[in-house]
Asks: 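Can you read through this structure? Questions will come right after.
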There are 2 protein chains.
Amino acid sequence: MLTFWRHGYETTSVADLTAAMGVTAPSLYTAFGDKKLLFLEAVRLYAGDPDVMARTIGDAPSALEAARDLMTAAATAYTGEETPRGCLLASATASGSAASCDVQQAVADIRRGVQRRLDERIQRDIADGALPLTTNPAELSGLVMAVIQGMSVLARDGASRASLLATVQAALRAWPGMAAER
Amino acid sequence: MLTFWRHGYETTSVADLTAAMGVTAPSLYTAFGDKKLLFLEAVRLYAGDPDVMARTIGDAPSALEAARDLMTAAATAYTGEETPRGCLLASATASGSAASCDVQQAVADIRRGVQRRLDERIQRDIADGALPLTTNPAELSGLVMAVIQGMSVLARDGASRASLLATVQAALRAWPGMAAER
DNA sequence: CATATTCCATAGTGGTCGCTATGGAATATG
DNA sequence: CATATTCCATAGCGACCACTATGGAATATG
């Protein structure tokens, strides 16, 4: 997972993987099938259980809290000392040949799933009166997703954890009810 | 440029490039040196003259206008009918083996340059009194950069131009003086 | 203890990578 | 018209790609 995270899907060779895992190529293939299946396994390990993610968003006190948690967790994870910079999902399949478009789709599906959960959470807040009726859910969920994915690029470029957390705080000022002025 | 844009730097082969350009490999090598130099040339073509970019940001009526223009142009460019989705700079070197880290740095330098120009423009607005003294320039420029880079991922995932433009509008509500409520 | 079976590291498979040597056609020169 | 020079497409360079056939060691069985 760490090797794919650091170097991407197509740009990581099976030789890199066997070296990192300390196993031989035949062991890898009997255990995981092929490189694509191993990558998808690494993605599952990285993303965690989708139900847990859905529950985390659903159980947050408000959509605002959910968005804040998501972005803060991303900013922290992308600047960890023990892990590669940025987001495995954002960088590993950001580009690729036509041969890997199904892998790109699988990763995109995860992103779309997160956005959908967040979208639904925002709609619930609107229905509950916690957010104004004029709130545009897609607009807000899109902003949160863009900030999360964008921070991955900034983290790879060397941005500090503090600067990313500041970016999160700035993004939250776009939320309905958060004063833009100090 | 379009081929690198669509498939990334390391994940585009020289055979792909010669096919797209309609030339043979020896012609490509005598004209451009090697694959890396050809990519950097494509990046220059994509990014345009850095001075033009700097002047565009500097000459905008305000930092807000500059930020809005940057993000709107990105949202539009990332969803063009005639070009690949997303941003060449954001996706082509988002991941790569250790061998291409100098290319990744070159692309990161362009991003840092844009952010620095925007940062300086914000500082000028603060000095001119167009923005409150409490404004944090790095925070705002970081947000704009994150939204721009993030929209590239969303565009690749299939987001519409309208939804990206809505994201831009949402992001601008984080700007000092822009009311968060409708 | 002898035979059969499982297991896995070595050593390669054909194919593609980035890159280039070479020979024949086209042009310039005497 | 003969020779010299430029030019570029063909063909192929070693290295690496994802992936796998095979033989010897270790274990299980009679």
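Naming convention: chains lettered A, B, ... in sequence-line order (proteins, then strands); numbering from 1 in each chain. Just so you know, these numbers use all the heavy atoms, side chains as well, and skip hydrogens, waters and symmetry mates. The model shown is predicted, which means the values in this text are computed figures rather than measured ones.
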Asks: Is any side-chain heavy atom of B:Leu143 closer than 4.5 Å to a side-chain heavy atom of B:Glu139?
Replies: no
Asks: What is the separation between atom CZ on A:Phe32 and atom C1' on D:dT20, rounded to the nearest whole Å?
Replies: 18 Å
Asks: By the side-chain hydrogen bond (donor to acceptor under 3.5 Å, both in side chains) test, which pairs, at least two apart or in different chains, include something from residues 30-56 of chain B?
Replies: B:Lys36-B:Asp102, B:Glu41-B:Arg44
Asks: Cut-off 3.5 Å, side chains only: do B:Ser141 and B:Gln115 have a donor facing an acceptor?
Replies: yes
Asks: Just jot down the salt bridge (charged side-chain N to carboxylate O under 4.0 Å, His left out) partners of A:Arg156, sequence neighbours excluded, or say none.
Replies: none
Asks: Please check the phosphate of C:dA9 (OP1 and OP2 only) for any side-chain N or O of A:Ser27 closer than 4.0 Å.
Replies: yes
Asks: Would you please name every residue forming a side-chain hydrogen bond (donor to acceptor under 3.5 Å, both in side chains) with A:Ser95, sequence neighbours left out?
Replies: none
Asks: Between the protein and nucleotides 17-27 of chain C, which nitrogen or oxygen pairs are less than 3.5 angstrom apart?
Replies:
| unit_1 | atom_1 | unit_2 | atom_2 | d |
| --- | --- | --- | --- | --- |
| C:dC17 | OP1 | B:Ser13 | OG | 3.4 |
| C:dG18 | OP1 | B:Thr12 | O | 3.2 |
| C:dG18 | OP1 | B:Val14 | N | 3.4 |
| C:dG18 | OP1 | B:Lys35 | NZ | 2.8 |
| C:dG18 | OP2 | B:Val14 | N | 2.7 |
| C:dC19 | OP2 | B:Tyr29 | OH | 2.9 |
| C:dC19 | OP2 | B:Lys35 | N | 3.1 |
| C:dC19 | O5' | B:Tyr29 | OH | 3.3 |

Asks: Going by distance alone, is a donor N or O of one side chain under 3.5 Å from an acceptor N or O of the other, for B:Gln123 and B:Asp119?
Replies: yes
Asks: Are B:Val153 and B:Leu164 joined in one hydrophobic group, where the rule is that I, L, V, M, F, W and Y side chains link up if heavy atoms are under 4.5 Å apart?
Replies: no
Asks: Should A:Leu37 and A:Ile110 be regarded as members of a common hydrophobic cluster, given that ILVMFWY residues are connected when their side-chain heavy atoms come within less than 4.5 Å of each other, either directly or indirectly?
Replies: no
Asks: Apply the test side chain to side chain contact (heavy atoms under 4.5 Å, CB included) to residues B:Phe39 and B:Thr12: give CA-CA distance (whole Å), side-chain angles for both, the deciding distance (0.1 Å), then the verdict.
Replies: CA-CA 10 Å; B:Phe39 176 73; B:Thr12 294; over 6 Å; no
Asks: Which residues, if any, of residues 91-98 of chain B bring a heavy atom under 4.0 Å of DNA chain D?
Replies: none
Asks: I need the CG-C1' distance between A:Leu38 and D:dC19, as an integer number of Å.
Replies: 14 Å
Asks: Regarding B:Arg124 and B:Glu120, does a basic nitrogen lie under 4.0 Å from an acidic carboxylate oxygen?
Replies: no
Asks: How does DNA chain D read in dot-bracket, base by base from 5' to 3', with Watson-Crick or G-U pairs under 3.5 Å and | used when the partner is on another strand?
Replies: ||||||||||||||||||||||||||||||
